[in-house]
Every structure is written in C-alpha cells, then in structure tokens.
Asker: 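One structure, pasted below without further comment.
Throughout, residue positions are numbered sequentially from 1 according to the sequence presented.
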Amino acid sequence: MIRTVDSPSHVSAPVLAAYRYCETVTGQQARNFAYGIRLLPTPKRRAMSALYALSRRVDDIGDGDLADDVKLARLDETRALLARVREGGVAEDDTDPVAVALAHAAGAFPIPLGGLDELIDGVRMDVRGETYETWDDLKVYCRCVAGAIGRLSLGVFGTEPGARGAERAAEYADTLGLALQLTNILRDVREDAQGGRTYLPSDDLAKFGCSAGFDGPTPPEGSDFAGLVHFEVRRARALFAEGYQLLPMLDRRSGACVAAMAGIYRRLLDRIARDPEAVLRGRVSLPGHEKAYVAVRGLSGLDTRHVTRHGSGRSVRRRA
C-alpha cells in the first residue's frame, strides 16, 4: 500500500508563491492535464502542479531550438537541481520557484523523484535523435517520458488502505502512462515528422508500407496508413484496459483525476480511430465541453465502478 503524507495546514508565503507559479504554468501549458488535477484537493493539486512544472521545463529543453550540446548541458543542470531537492538543499527563499515547490511537495508526499531522472533520460533520447525498431524498444522511451510520470503521480495520489492488488498500483500507473504516450505519438505523427522525429516502431511502419514517413497531409503512396493507425490504436486500448485497474485503488478524488486525464486521451484515441488521416491534416483535439464532460464523468466514479465490477477496462471502453 502506498500512503500519502498529509500536507501541513500552514504553507509559508514563499512556498505558496512557488506553488502559485507552478499552477500558472500548468494552467497555461497543460491543456489536458489541467482538467484532471483541478479535481484534486488543494495539497495534491499543488504537488501535481510542481511535478508538471519541472516536467515542462525538461520537455521544453528537449523541444527548444538550442544546439544539442547546450540541451544536454541544460538537462544535466536540471538533474543536479533534482539532486539538491532530493538532498534537502533547496531553501524556501531559493530563486527558482519550481525547485521550491517541488522540494515542499517531496516533503509532503512520498514522491519517487527518480522518475524525473527517467524523464530526463527520455528527453536525452530525443536530443540524440534515437529511433525505435520494435514496440519493446519504444516502450523503454515511453516508460521514461510517460510511465515515470504515472508513477510520480501515484506518489501524490497514494492508494486506499486495504485496496485489493495495491502492490501492482505502480505497474498500472506506468501502463496508463504508456497508453497516454502512444496516443500522443499517434496524434503528433506529422508534427514530429516535420521536426525530424519518428517514434512509431520501424517494424510497424514497414509492415504497413509507411517507412517513407509522414511529411505531408496524405499517407505515403501505396501504404496502408489506416491499417497502421488501427494497429496502434488496438495496442493503446489494451494498455488503457490494463492501466484502468488502478482506479479502484485510489480515493475518490484521485481516481476522478486519473479517470478524467485518461478519459480525455481515450476519447482522443477514438477520434483518431474514426478518421486516421486526420492526424496528417492537423492536430486532433477534443472541444472544451467534451473535456468537461469527461471530468464530470470521472468525478461521478462511473469508470471506477465499471472496473470494480468487471476487473478490466473493457466495459469502460465500450461506454466511453
């Protein structure tokens, strides 16, 4: 069982200001993430914002226009900052608000900060321009950049006392992260190609005649692009089905947060499945009212009750 530590009722002014900064970053940058964490009680919401703000910083280094050697140096600096947080070396009056907020969150909750080191490892893969031959190869990357975030988040959520199967909670959180990341990869396939990145396994690309890449608004000539997308969608849905088994292990509001974030991505996946070539024409997204509906659905506990009854995400997938 993973327990959370109750945050102290009083938060000092410098720490509160640091959290507010992180919440502002989250609100401005995390379109889907923000819909989920707003369902959390204040201490958990603040801690999740601190995790997001640091993760956003790492991602921005990888996605920026700096030279690769400068990016790697910046990532090393961020890793050194994490070491200071881990060692208790960040004071409340530190000039870096993300470090202040993260240090406070790590003191209030059992957050496995090594997950942020894994995120840095994943972004280093991006900087080096790594490609992936097989799904097993891609899973390594996805676990670094997304599975680790699931495990970090679980440190904030905790599991309910006596929750059945809680010893597998971290595994399910990791699997949900993989499902979200594979959905992201499908959504961003053309954008990534234009940036010189290919994430889908080259074995899969070859199988469906898509090895030429996706640098235009139409699939490669003679390819079975729809077949490729549906193949990856089935893989992502299986990951969602397994990862959803985390929900009954969480308290109501943490479960609502996870169900909302995962639900948004599952609906996005359904949109991609209905019109695979849409990802080549532009960015596929959900309208705000649909995200709000998913958040309300998560807060109702409907998805959690389905998983509890059926032991998997299959019923949830049909009803979404």
Asker: Taking atom CG of L176 and atom CZ of R266, what is their separation to the nearest 0.5 Å?
Answerer: 10.0 Å
Asker: To the nearest 0.5 Å, tell me how far L138 CG sits from S202 OG.
Answerer: 10.5 Å
Asker: Mind checking whether V140 and V123 sit in one hydrophobic cluster, side chains of I, L, V, M, F, W, Y counted as touching below 4.5 Å?
Answerer: yes
Asker: Any salt bridge between R74 and D69, counting N to O under 4.0 Å?
Answerer: no
Asker: Under 3.5 Å, sequence neighbours excluded: what are the donor-acceptor pairs made by side chains of residues 108-120?
Answerer:
from : atom 1 : to   : atom 2 : distance (Å)
D117 : OD1    : R79  : NH1    : 3.3
D117 : OD2    : R86  : NH2    : 2.6
E118 : OE1    : R151 : NH2    : 3.1
E118 : OE2    : R151 : NH1    : 2.9

Asker: Is it true that R168 and E171 have a side-chain N and a carboxylate O under 4.0 angstrom from each other?
Answerer: yes
Asker: Taking all non-hydrogen atoms of both residues, which atom of A50 and which atom of V98 are closest, and how far apart?
Answerer: O-CG1, 4.3 Å
Asker: Identify the two heavy atoms, one from Q245 and one from Y172, that lie closest to each other, and give their separation to 0.1 Å.
Answerer: OE1-OH, 3.6 Å
Asker: If you take all heavy atoms of E290 and R271, which pair is closest and at what distance?
Answerer: OE1-NH2, 3.1 Å
Asker: Once you round to the nearest 0.5 Å, how far does CZ of R235 lie from CG of L178?
Answerer: 10.5 Å
Asker: How far apart are the C-alpha atoms of T26 and M48, what are their side-chain angles, what is the distance that settles it, and do they pass the side-chain contact (heavy atoms from CB on, under 4.5 Å) test?
Answerer: CA-CA 9 Å; T26 303; M48 291 294 288; over 6 Å; no
Asker: In residues 16-25, what donor-acceptor pairs under 3.5 Å come from side-chain atoms, sequence neighbours left out?
Answerer:
from : atom 1 : to   : atom 2 : distance (Å)
Y19  : OH     : H104 : ND1    : 2.8
Y19  : OH     : A105 : N      : 3.2
E23  : OE2    : R45  : NE     : 2.8
E23  : OE2    : R45  : NH2    : 3.4
T24  : OG1    : R20  : O      : 2.9

Asker: With a 4.5 Å limit on heavy-atom distance, are the side chains of C142 and I185 in contact?
Answerer: yes
Asker: Rounded to the nearest 0.5 Å, how far does OG1 of T175 lie from CZ of F240?
Answerer: 11.5 Å
Asker: Is it true that a side-chain atom of D275 and a backbone atom of I272 form a donor plus acceptor pair closer than 3.5 Å?
Answerer: no
Asker: With a 4.5 Å cut-off on side-chain heavy atoms, are R46 and V11 touching?
Answerer: yes
Asker: Applying side-chain contact (heavy atoms from CB on, under 4.5 Å) to D96 and R57, what does each step give before you reach the verdict?
Answerer: CA-CA 12 Å; D96 185 340; R57 178 180 295 180; 2.8 Å; yes
Asker: Measure from the side-chain N and O atoms of K44 to the backbone N and O of F157, and report whether any donor-acceptor pair falls under 3.5 Å.
Answerer: yes
Asker: What I'd like to find out is whether the side chain of Y293 reaches to under 4.5 Å of the side chain of R267, using heavy atoms alone.
Answerer: yes
Asker: Ignoring hydrogens and angles, write down the donor-acceptor pairs under 3.5 Å from the side chains of residues 210-220, residues two or more places apart or on other chains.
Answerer:
none

Asker: So, K139 and D136, do they make that salt bridge, N to O below 4.0 Å?
Answerer: yes
Asker: Considering only heavy atoms from C-beta outward, does the side chain of D203 approach that of W135 to under 4.5 Å?
Answerer: no
Asker: Do the side chain of R197 and the main chain of D192 share a donor and acceptor less than 3.5 angstrom apart?
Answerer: no
Asker: Taking the side chain as every heavy atom from C-beta outward, state whether V127 and L72 have any pair of such atoms under 4.5 Å apart.
Answerer: yes
Asker: Please report the closest heavy-atom contact between E92 and S12, naming both atoms and the distance.
Answerer: OE1-OG, 2.8 Å
Asker: Determine, for D76 against K71, whether the closest basic-nitrogen to carboxylate-oxygen distance falls under 4.0 angstrom.
Answerer: no
Asker: Quick one: OG on S254 to CD1 on I37, what's the gap to the nearest 0.5 Å?
Answerer: 12.0 Å
Asker: Should R237 and D270 count as side-chain neighbours, where that means a heavy-atom distance under 4.5 Å?
Answerer: yes
Asker: Where is the tightest heavy-atom contact between M249 and A166, given as atom of each residue plus distance?
Answerer: SD-CA, 3.8 Å
Asker: Is there a side-chain contact between P41 and R253 in this structure, where contact means two heavy atoms from C-beta onward sitting under 4.5 Å apart?
Answerer: yes
Asker: Hey, are Y132 and D204 close enough side-chain-wise for a donor-acceptor pair under 3.5 Å?
Answerer: no
Asker: Can you give me the closest heavy-atom contact between A179 and A236, atom names plus distance?
Answerer: CB-O, 4.0 Å
Asker: List the steps, then state whether side-chain contact (heavy atoms from CB on, under 4.5 Å) holds for L250 with L154.
Answerer: CA-CA 9 Å; L250 307 177; L154 183 63; 4.0 Å; yes
Asker: State, without any angle test, whether D188 and Y199 hold a side-chain donor-acceptor pair at a distance under 3.5 Å.
Answerer: no
Asker: For the atom pair OG (S49) and CG (L102), what is the distance rounded to the nearest 0.5 Å?
Answerer: 12.0 Å
Asker: Would you call R56 and D59 a side-chain contact if the rule is heavy atoms closer than 4.5 Å?
Answerer: yes
Asker: More than 12 heavy atoms of other residues, nucleotides or ligands under 6.0 Å from CZ of R128: is that the case?
Answerer: yes
Asker: Does D121 pair with R143 as a salt bridge, N-O distance under 4.0 Å?
Answerer: no
Asker: Measuring centre to centre across the rings, with the benzene-like ring taken for any Trp, is F208 within less than 6.0 Å of F231?
Answerer: yes
Asker: Yes or no on side-chain contact (heavy atoms from CB on, under 4.5 Å) for R84 and L81, after CA distance, side-chain angles and deciding distance?
Answerer: CA-CA 5 Å; R84 281 208 297 130; L81 173 63; 3.5 Å; yes
